[in-house]
Amino acid sequence: EECAIDEESVLIEEIVDTDADDMLLNGDKYVFPAAVSANEYINKQWFHKYINTAAAWNKGITGADVVVAVIDSGVNTSNPDLEANIHTHQRNMCALDEKYRDIYTDPNNAADDMGHGTHCAGVIAAVNNGIGVVGVAYDAKIMPIKAMSFWGDGYSEVIAASIIDAVENGADIISMSVGSNESDPI
């Protein structure tokens, strides 16, 4: 089955022939626009090549004015690649659920004690600051919402409450990396 591609979508093959500032492909070699190339580990971020973020960046699409709620294990908000892009609202939904209250007590501290949520937030919106990595939407704001424990487990009720909290507090997009092998009516 063929995928429909709207006028805004750009195929990599079209980019190669259009603008030298876009990502150039020559076999496996690619070059990022100068605006992001100073980031230390950008060449190790393989996904930029495959989703062609350079084409979006060169059109000025950087995630500005977009709030992405990351519902996960929390986010390390003091990470130098993230701290400038942390939204003012953050929540630890685990602290609001009786199943976790003996572990988490501060509902306003969405600190990541596992690392997964911080990784996901970095892929989405790591700052274009010349160090470390750069996110796909490096001007977007991350709304950290902790819904998973440091074991990586979570409850459907906490995840559902996290989605509601994100929407009520201005999230434009919600990112979750969760799965279950059990059926749940929630």
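It should be emphasised that the depicted structure is a prediction, and the values quoted were computed from it without experimental measurement.
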Does [X] reach the main-chain N or O of [Y] with its side chain, forming a donor-acceptor pair under 3.5 Å?
| X | Y | value |
| --- | --- | --- |
| T62 | W57 | no |
| D97 | E157 | no |
| T118 | N76 | yes |
| N128 | A35 | yes |
| D72 | G74 | no |
| N92 | N109 | yes |
| N39 | Y41 | no |
| D165 | R91 | no |

Next on the checklist: Just so I know, are the side chains of N169 and M143 near enough to count as touching, which here means a heavy-atom distance under 4.5 Å?
Outcome noted: yes
Item to check | L96 with F150, same ILVMFWY side-chain cluster at under 4.5 Å | outcome: yes
Item to check | Connected via hydrophobic side-chain network under 4.5 Å: I71 and W151 | outcome: yes
Checklist entry - Minimum heavy-atom separation for H48 to V134, with atom names? => result NE2-O, 3.0 Å
Checklist entry - Which heavy-atom pair separates S149 from C94 by the least distance, and what is that distance? => result N-SG, 4.5 Å
Checklist entry - Should the ring pair H87 and H89 be called parallel, tilted or perpendicular, given that the plane angle runs from 0 to 90° and is split at 30 and 60? => result perpendicular
Checklist entry - Do D65 and K141 pass the salt bridge (Lys or Arg N to Asp or Glu O under 4.0 Å) test, and can you show the C-alpha distance, the side-chain angles, and the key distance before you say yes or no? => result CA-CA 8 Å; D65 301 318; K141 293 294 182 192; over 6 Å; no
Please report the interatomic distance [atom1]([X]) to [atom2]([Y]), rounded to the nearest 0.5 Å.
| X | Y | atom1 | atom2 | result |
| --- | --- | --- | --- | --- |
| N52 | N58 | CG | CG | 9.0 Å |
| I42 | I131 | CD1 | CD1 | 13.5 Å |
| K146 | D112 | NZ | CG | 6.0 Å |

Next on the checklist: Show, in sequence, the C-alpha distance, side-chain angles and deciding distance for V158 and M148, and conclude whether the side-chain contact (heavy atoms from CB on, under 4.5 Å) test is met.
Outcome noted: CA-CA 8 Å; V158 176; M148 306 293 174; over 6 Å; no
